[in-house]
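Each remark here refers to the structure printed beneath this line.
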Amino acid sequence: SNKSVLLSTGASETFSKQGIYDLAGNVWKWTLEYTSNSNNPCALRGGNCNNNGDNYPAAYRGANDATYYSDVVGFRVSLF
């Protein structure tokens with residue numbers, strides 16, 4: 001079927017990568033990755049509340065400089 005199903009965060013271990021759920025959440029997440037663009041070396045992942053999964057899937061990598069800020073960019077605290 002071609003239906004969308006809304007699941008709560010952590011609803012299934014199937015959607016977890018290294019214990020991280022819902023990477024495609026409501027804000028872009030800063031990562032420790034670097035891009036090949038010297039003007040925008042910092043990588044962002046996950047999309048934000050204004051994006052949809054068709055245009056910006058969780059695997060999409062955005063780029064910006066270290067001084068960039070926005071109300072749709074954040075970070076995720078994680079312990080490994």
Side-chain angles (χ1 to χ4, degrees):
S1 82
N2 195 12
K3 283 187 169 182
S4 296
V5 177
L6 180 63
L7 298 174
S8 63
T9 300
S12 171
E13 291 294 319
T14 305
F15 305 112
S16 171
K17 291 292 183 189
Q18 296 181 328
I20 299 171
Y21 296 92
D22 191 28
L23 186 61
N26 57 354
V27 298
W28 286 93
K29 281 81 169 172
W30 286 114
T31 69
L32 296 176
E33 298 174 272
Y34 288 101
T35 69
S36 58
N37 183 335
S38 61
N39 293 324
N40 296 307
C42 302
L44 300 155
R45 287 211 184 251
N48 67 58
C49 58
N50 297 319
N51 305 136
N52 65 41
D54 292 337
N55 297 330
Y56 295 97
Y60 180 84
R61 184 171 73 171
N64 235 303
D65 63 51
T67 61
Y68 178 75
Y69 63 93
S70 171
D71 60 349
V72 294
V73 175
F75 66 94
R76 183 181 297 261
V77 176
S78 61
L79 301 172
F80 290 98

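Placement of W28 and Y68 within a single hydrophobic cluster is found when ILVMFWY residues are connected by side-chain heavy-atom separations under 4.5 Å, directly or transitively.
Residue pairs satisfying the salt bridge (Lys or Arg N to Asp or Glu O under 4.0 Å) criterion with at least one member in residues 60-70, sequence neighbours excluded, are listed as follows: E33-R61.
In this structure D71 satisfies the side chain to side chain contact (heavy atoms under 4.5 Å, CB included) test with no other residue, sequence neighbours excluded.
N64 has its side chain within reach of N40: a pair of non-hydrogen atoms, C-beta onward, lies under 4.5 Å apart.
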